[in-house]
2 protein chains.
Amino acid sequence: MPATRERIIRAASRLMQRQGYDGTGIKQISQEARATLGSVYHFFPGGKQELALAAISRGDQEFVEVLRAGLAGDPDPARAVVVLTRNLVESLRASDWVDGCPITTTALGTVGRLPDIQSAAADAFARWRGIVFDRLLESGVGESDARDLAHTVISTLEGAELAAQVSRSSRPLEVAGQHLSRLIASYR
Amino acid sequence: MPATRERIIRAASRLMQRQGYDGTGIKQISQEARATLGSVYHFFPGGKQELALAAISRGDQEFVEVLRAGLAGDPDPARAVVVLTRNLVESLRASDWVDGCPITTTALGTVGRLPDIQSAAADAFARWRGIVFDRLLESGVGESDARDLAHTVISTLEGAELAAQVSRSSRPLEVAGQHLSRLIASYR
DNA sequence: GTATCAGTAGAGCGTTCTTTTCAGCCTGGA
DNA sequence: TCCAGGCTGAAAAGAACGCTCTACTGATAC
């Protein structure tokens, strides 16, 4: 059994991923983490906001791993992106279409209201784009093209995952994979 | 001054667009709409869920108009999609990046929890894809390609709008417009 | 043995939430 | 002129919210 603080972060991350910031109560987090309210406030004296920041940071790391693993799935980035979308479909289906992007729901529900959370999410997005950018660069794509492509790869993955969740279908992600592949290939 | 029911729908739609389902209180809706709680429950005896369904339906219609207007902005669909993203950037910037897709925040925060809302959102997404599909079809794109492209156009727009909001930047949407344009052009 | 301190436990604060209730106010038709 | 019914206004019930507080446990340091 992991340490208390770790369990709290995991619970906060998972619950906010599914239900967003306002939809997740601290009491619910403490129950899911098998910790008491006292423990939660001991480790996170900043309250719900600090909890959300920790959850986003954790979600950020998780998606970095998913991204790296997927993009390493094929030497050709145009094919690797298809591997990536397939992986996303798999884990999405495994959770009955509930566990989408680890930070989108939290970030979207607090846009314009909680600047700290928003900027943490913006940093995460930038980091993910950086990973795609690096991968494209090392495959010979020009710097400017790679930067733009990184934007669209992340945006499209986000949107397709969202659409897949809402419609409970793998179709949006599969099609997105094919089209991103075609788009990347057109720059080589 | 519009009728009470209309004001309530508008307020619910706008507030849920920004704050999501859980982040929006019925009291807040009634205040924003300049109606009393009694009026809200008179017109929407189904409570918050019925309110959310009405808000999604309204948001659906709004985005249909945005989509039609944008796609009619150029005879070539590959260029029309750029007009569309430009329009989205404009209205996003005008709201200081808080008014994104009218239904995404509501839908995402309730996925797997409130099936009625989720399926209403799924219907809206399908309708939007239908509009893009029709536009591509009449421009000579093959039926199968048009169907797939419609998926990716909507997914990418959603994701790019989301990314633009989170990072308070027009860049994701602008780049998405360029890439979608290139992708569509490659099918003609 | 005792002092110290991180961590656990949960009662309870004030506030806000959704929902219900119901008496009154208008207003259009008889 | 009257009245029925659509609509409004205010209040409150009951639950849930974020957060604070004090008391307790157990391990380590001296």
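Just so you know, these numbers come straight off a predicted model, no measurement behind them. In the text below, chain A, chain B and the rest are named by the order of the sequence lines, each starting its count at 1.
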Task: Sequence neighbours excluded - side-chain hydrogen bond (donor to acceptor under 3.5 Å, both in side chains) pairs with any residue from residues 79-91 of chain B - done: B:Asp74-B:Arg79
Open item on the list: Please enumerate all residues that pass side-chain contact (heavy atoms from CB on, under 4.5 Å) together with B:Ala78, with sequence neighbours excluded.
Closed with: B:Asp76, B:Ser181, B:Ile184, B:Ala185
Task: Contact list for DNA chain D against residues 38-51 of chain A - heavy-atom distance below 4.0 Å - done: A:Tyr41, A:Gly47, A:Lys48
Open item on the list: Which residues pass the salt bridge (Lys or Arg N to Asp or Glu O under 4.0 Å) test with A:Arg129, not counting sequence neighbours?
Closed with: none
Open item on the list: Please give me every residue in residues 109-119 of chain A whose heavy atoms get under 4.0 Å of an atom in DNA chain D, ordered by residue number.
Closed with: none
Open item on the list: Run the salt bridge (Lys or Arg N to Asp or Glu O under 4.0 Å) test against A:Arg5 and tell me which residues pass, sequence neighbours left out.
Closed with: none
Open item on the list: Please list all pairs meeting side-chain hydrogen bond (donor to acceptor under 3.5 Å, both in side chains) that have one or both residues in residues 96-108 of chain A, counting only residues at least two apart or in different chains.
Closed with: A:Arg18-A:Asp99, A:Asp96-A:Arg168, A:Thr104-A:Glu158
Open item on the list: Give the residues of residues 20-27 of chain B touching DNA chain D, defined as any heavy atom closer than 4.0 Å, sorted by residue number.
Closed with: none
TODO: If you link ILVMFWY side chains whenever their heavy atoms are less than 4.5 Å apart, which other residues fall into the same cluster as A:Leu137? By chain and number, please.
DONE: A:Phe133
Open item on the list: Under 4.0 Å from a heavy atom of chain B: give me the 5'-most and 3'-most nucleotides of DNA chain C that qualify.
Closed with: C:dT18 to C:dT20
Check nucleotides 25-28 of chain D for protein N or O atoms closer than 3.5 Å to its own N or O atoms and list the pairs.
none

Task: Any pair counted as side-chain hydrogen bond (donor to acceptor under 3.5 Å, both in side chains), so long as it reaches residues 111-122 of chain B, sequence neighbours left out - done: B:Asp22-B:Arg113
